[in-house]
Amino acid sequence: MAPIVMITRPEPEATALAAQLAGQGARLVVSPLQQIRFHALTLPEGPFEAIFTSRNGVRALVRAGAAARRAWCVGEATARAAREAGMQAMSADGDAEALLALLLKERPAGPLVHLRGAQHRGDLVGRLIAAGLRAEAVEAYAQTLLAATSEARQAMQGAAPVVVPVYSPGAARRLAAEWQGGAALLVTAISAAAAAPLRAMSPARLSVAARPSGETMLNEITGLIAAAHQLENKGGGV
């Protein structure tokens, strides 16, 4: 019996990840546990520079028919999305702390606008203002909750091991809330903060990506698929 990879990311990332994992020797179950709802934006008059901690911030700006003079991005995937939208983009190639460090080093003239979600961690803008930079936050989108699909619930209760990649602390909390079943659970988290809510679930395997990037997460998922095959062959713990 092939292991299952359950993809809980919002769309369009869920479908994109499923395409990347095709042919990896696992059955794919796509069951987003959150949906992105974009807001109408109130943006500064005149040129500004954008801060993006998610590709959804880029999408929100594009949907509003606006563009930034320059984009400061948490990672390369977000920077790529900004470039595809016609913006000059700088990548911190890391997490929010790395992005803060980049902004404090470069000290752009601004004004800086952080297009963030309703659910967010930390106070990036407040720390920038405290350091003397011109910055403001705009709530650009919200994450609404979705229930697991019937196929996902069957996977949770089935005999095959289930691999779940988790890309944020919020996604981890949603998985913990929705998980109901006795299937062996193997989870990889993009960060220690994303891993924290998962520990109470007592997964058979919990790994944390060495770097918060899509490529690193793909490698982690591939490793957990292999571990899930070993688990089935042994008929016991990983």
Here the gap from T222 atom OG1 to M217 atom CE, rounded to the nearest 0.5 Å, amounts to 11.0 Å
Near E11 CD, under 6.0 Å, is it more than 12 heavy atoms from other residues, nucleotides or ligands?
yes
Test: R55 and E84 ion pair at under 4.0 Å
no
Taken in chain and number order and not counting sequence neighbours, the residues that satisfy side chain to side chain donor-acceptor pair (under 3.5 Å) with R153 are E178
Test side-chain contact (heavy atoms from CB on, under 4.5 Å) on V187 and V162 and set out the steps.
CA-CA 8 Å; V187 193; V162 179; over 6 Å; no
Working to the nearest 0.5 angstrom, can you tell me the gap between Y141 OH and Q119 CD?
9.5 Å
With sequence neighbours left out, write down each residue that passes salt bridge (charged side-chain N to carboxylate O under 4.0 Å, His left out) with R83, or none if nothing qualifies.
E76
Compare all side-chain heavy atoms of I221 with those of Q24 and state whether any distance is below 4.5 angstrom.
no
Do the side chains of T42 and V138 get nearer than 4.5 Å, heavy atoms only?
no
Do L206 and L185 come close enough that some side-chain heavy atom pair is under 4.5 Å?
no
Check whether any side-chain heavy atom of M87 sits under 4.5 Å from a side-chain heavy atom of L61, and report yes or no.
yes
Flag the pair R205 / P161 as yes when at least one side-chain heavy-atom distance between them is below 4.5 Å, and no otherwise.
no
Do side-chain atoms of R174 reach the backbone of L146 as a donor and acceptor pair under 3.5 angstrom?
yes
With the side chain counted from C-beta on, respond yes when P108 and L103 share a heavy-atom pair under 4.5 Å apart, and no when they do not.
yes
Could you check whether any side-chain heavy atom of F52 comes within less than 4.5 Å of a side-chain heavy atom of L115, counting everything from C-beta outward?
yes
Nearest 0.5 angstrom please: E136 CD to L43 CG, how far?
8.0 Å
Let's go through R27 and E151 carefully: what are the C-alpha distance in whole Å and the side-chain angles of both, what is the deciding distance for salt bridge (Lys or Arg N to Asp or Glu O under 4.0 Å) to 0.1 Å, and is it a yes or a no?
CA-CA 11 Å; R27 181 164 72 88; E151 185 181 14; 3.2 Å; yes
Please check: side-chain N/O of S31 versus main-chain N/O of A148, any donor-acceptor pairing under 3.5 Å?
no
Do H39 side-chain atoms and A118 backbone N/O form a donor-acceptor pair below 3.5 Å?
no
What distance separates C73 SG from I51 CD1, expressed to the nearest 0.5 Å?
10.0 Å
At what distance, to the nearest 0.5 angstrom, does CD1 of I225 lie from CD of E220?
12.0 Å
Passes side-chain contact (heavy atoms from CB on, under 4.5 Å), L100 versus L124? Steps please.
CA-CA 7 Å; L100 173 66; L124 178 61; 3.8 Å; yes
Rounded distance [0.5 Å steps], CH2 in W179 versus CE in M6:
5.0 Å
Is R9 positioned over the aromatic face of Y167, cation under 6.0 angstrom from the ring centre and no more than 45 degrees off axis?
yes
